[in-house]
Structures are given as C-alpha cells and as structure tokens.
Amino acid sequence: MTTTNRSYTSRRSNIVEALAQKLKDINGAGAFLSDLQNNVHPRLKFWDEVDQFPAIHLNAGAETRQYQAGGFKDRFLSIVIRCYVSDEIDATEALNMLMEDIETVIEDNSRLEYFDRQNNTFNVQQITIVSINTDEGVLEPLGVGEILIEVRY
C-alpha cells in the first residue's frame with residue numbers, strides 16, 4: 001500500500017484526538033484546579049450518557065476554507081468543548097475551575113501538534129477561544145458549560 005502526503009485535506013478527527021489527549025493532562029496537580037481522571041472523550045455524549053464527573057466531551061463542528069495566493073489554503077475548524085461537573089457544594093465554582101483549566105491547556109498548546117493518517121506530524125497555526133457559556137447554576141448540583149474554539153490549520 002502506498003501513502004500520499006495530502007497537504008490540504010481535512011484533519012478534523014486528528015486535531016480533535018490530539019486536543020483530547022492534551023486535555024487529559026488536567027489532573028489536579030501543579031497549576032490545575034480540577035482532576036478529570038482521564039475523563040475526556042473526543043466525541044459528544046448526551047446528558048444521560050455522562051455518568052462520571054467532571055467530564056469533557058469534544059465535538060468537531062463546521063470547517064471552512066480561506067483561499068490564499070499561490071494555491072495556499074487556510075482551514076478553520078470549529079470545536080465545541082462541553083464540560084460537565086457535579087458538586088453538592090458549588091457546581092458553578094467547580095465548572096469555572098474546570099473551564100479555567102481548559103483555557104490553560106489551550107493557551108499552552110496554541111500550536112498543537114497532531115498527526116495525519118500517514119503519521120506525518122503537523123502543527124495547527126492557532127487556536128482561538130470564540131466563546132464561553134455556562135448554565136449559570138440553573139442545573140445545581142450539576143453544571144454544564146461550553147467553550148467554542150476555532151482551530152486554524
């Protein structure tokens with residue numbers, strides 16, 4: 001079987017997988033405020049499927065292209081990072097701490113390394129946080145939040 005280096009194909013699942021691996025570093029040690037205990041999933045789950053807290057689920061959204069001179073293309077991938085917590089004392093605070101940890105991971109990995117299907121190594125150009133939303137305590141003792149990011153690669 002021969003492999004071809006495809007410069008401009010979508011790498012949605014590869015980027016989501018690489019980001020999920022980095023988010024698994026949130027372990028309550030050092031600068032991290034939360035401990036995910038590796039409860040990070042590179043796919044969206046419904047509420048009734050979430051049985052361990054805290055948890056993070058990623059979902060790749062729309063992808064767009066921007067065509068540059070000389071045949072170059074920039075790709076922009078939207079990813080929703082959904083956060084779930086359960087805390088009898090203060091779910092809103094637990095959610096805020098988890099989301100701060102996620103922001104830290106994103107900032108520390110703004111040039112995220114990922115691999116294509118042929119195991120070639122690439123780096124994203126930039127990861128931008130577009131928006132952060134929470135349930136604002138409506139679901140106490142549960143909490144849910146979403147971070148929408150845009151990955152330029």
Worksheet item: With a 4.5 Å limit on heavy-atom distance, are the side chains of Ile127 and Glu150 in contact?
Response: no
Fill in: Gly143 versus Ala91, closest heavy-atom pair with distance
N-CB, 4.2 Å
Worksheet item: Distance-only, no hydrogens or angles: does the Asn14 side chain make a donor-acceptor pair with backbone N or O of Tyr114 under 3.5 Å?
Response: no
Discussion item. Let me confirm one number: the CZ-NE2 distance from Arg82 to His41, rounded to the nearest 0.5 Å.
Written reply: 13.5 Å
Discussion item. Apply side chain to side chain contact (heavy atoms under 4.5 Å, CB included) to residues Val124 and Ile15 and explain how you reach the verdict.
Written reply: CA-CA 8 Å; Val124 303; Ile15 291 170; 4.3 Å; yes
Worksheet item: Is there a donor-acceptor pair closer than 3.5 Å between any side-chain N or O of Asn133 and the backbone N or O of Ile147?
Response: no
Worksheet item: CG/Asp101 to CZ/Phe32 distance, rounded to the nearest 0.5 angstrom?
Response: 6.0 Å
Discussion item. With rounding to the nearest 0.5 angstrom, report the OG to CG distance, Ser86 to Asp51.
Written reply: 11.5 Å
Worksheet item: Does NZ or CZ of Arg11 lie under 6.0 Å from the centre of the six-membered ring of Phe122, at an angle within 45° of the ring axis?
Response: yes
Worksheet item: Is a salt bridge present between Glu63 and Arg12, judged by a nitrogen-to-oxygen distance below 4.0 Å?
Response: yes
Fill in: CA sep, side-chain torsions, deciding dist, call: Ile81, Leu19, side chain to side chain contact (heavy atoms under 4.5 Å, CB included)
CA-CA 10 Å; Ile81 303 170; Leu19 184 56; 4.3 Å; yes
Worksheet entry | Distance-minimising heavy-atom pair for Arg117 and Ser13 | NH2-OG, 4.0 Å
Item to complete: Return yes if some donor-acceptor pair links the side-chain N/O of Asp87 with the main-chain N/O of Ala94 below 3.5 Å, else return no.
Response: no
Fill in: No-hydrogen, no-angle side-chain donor-acceptor test under 3.5 Å, Arg152 and Gln126
no
Worksheet entry | Closest non-hydrogen atom pair, Leu98 against Pro54 | CD2-CB, 4.0 Å
Worksheet item: Just by distance, do the side chain of Asn109 and the backbone of Val105 share a donor-acceptor pair under 3.5 Å?
Response: yes
Discussion item. Within the 4.5 Å heavy-atom criterion, are Leu112 and Val151 side-chain neighbours or not?
Written reply: no
Worksheet entry | Side chains of Asn59 and Arg43 in contact at under 4.5 Å (non-hydrogen atoms) | no
Item to complete: Determine, stepwise, if the pair Tyr153 / Leu77 fulfils side chain to side chain contact (heavy atoms under 4.5 Å, CB included).
Response: CA-CA 8 Å; Tyr153 68 103; Leu77 173 62; 4.1 Å; yes
Practice prompt. Apply the side-chain contact (heavy atoms from CB on, under 4.5 Å) test between Ser34 and each candidate in Val85, Leu95, Ile102, Ile26; give the one that qualifies.
Written response: Ile26
Worksheet item: With side chains defined as the heavy atoms from C-beta onward, is the minimum distance between Gln68 and Asp74 less than 4.5 Å?
Response: yes
Discussion item. Could you go through Ile129 and Glu103, starting from their C-alpha distance and side-chain angles, then the distance that decides it, and tell me whether this counts as side chain to side chain contact (heavy atoms under 4.5 Å, CB included)?
Written reply: CA-CA 8 Å; Ile129 296 175; Glu103 284 186 80; 3.7 Å; yes
Fill in: Where at least one partner belongs to residues 21-30, residue pairs that pass side-chain hydrogen bond (donor to acceptor under 3.5 Å, both in side chains), sequence neighbours excluded
Gln21-Lys24
Fill in: Exercise: do Thr92 and Glu140 side chains pair donor with acceptor under 3.5 Å
yes
Worksheet item: Pairs in or reaching into residues 82-109: which pass ring pair (Phe, Tyr, Trp, His ring centres under 6.0 Å), with residues at least two apart or in two chains?
Response: Trp47-Tyr84, His57-Tyr84
Practice prompt. Determine yes or no for a side-chain-to-main-chain donor-acceptor pair under 3.5 angstrom, with Thr134 supplying the side chain and Glu136 the backbone.
Written response: yes
Discussion item. Quick check: closest heavy atoms across Val50 and Ala55, and the distance to 0.1 Å?
Written reply: CG1-CB, 4.3 Å
Item to complete: Kindly say whether Thr104 contributes a backbone atom to a donor-acceptor pair with the side chain of Glu107 at under 3.5 angstrom?
Response: no
Practice prompt. Would you kindly confirm whether Ile132 and Val40 end up in one hydrophobic cluster when ILVMFWY residues are joined by side chain heavy atoms under 4.5 Å apart?
Written response: yes
Item to complete: Considering only Ile, Leu, Val, Met, Phe, Trp and Tyr, and joining two whenever side-chain heavy atoms are under 4.5 Å apart, list the other residues clustered with Tyr67.
Response: none
Worksheet item: Hey, are the side chains of Leu142 and Asp135 touching, using non-hydrogen atoms and a 4.5 Å cut-off?
Response: no
Response to the item:
The reported gap from CG in Leu58 to CD1 in Ile79 (rounded to nearest 0.5 angstrom) is 6.5 Å
Practice prompt. Could you pull out the closest heavy-atom pair between Ile56 and Leu23, with the gap in Å?
Written response: CG2-CD1, 4.2 Å
Item to complete: Provide the closest heavy-atom pair for Ala60 versus Val16 in the form atom of the first, atom of the second, distance.
Response: CB-CG2, 3.9 Å
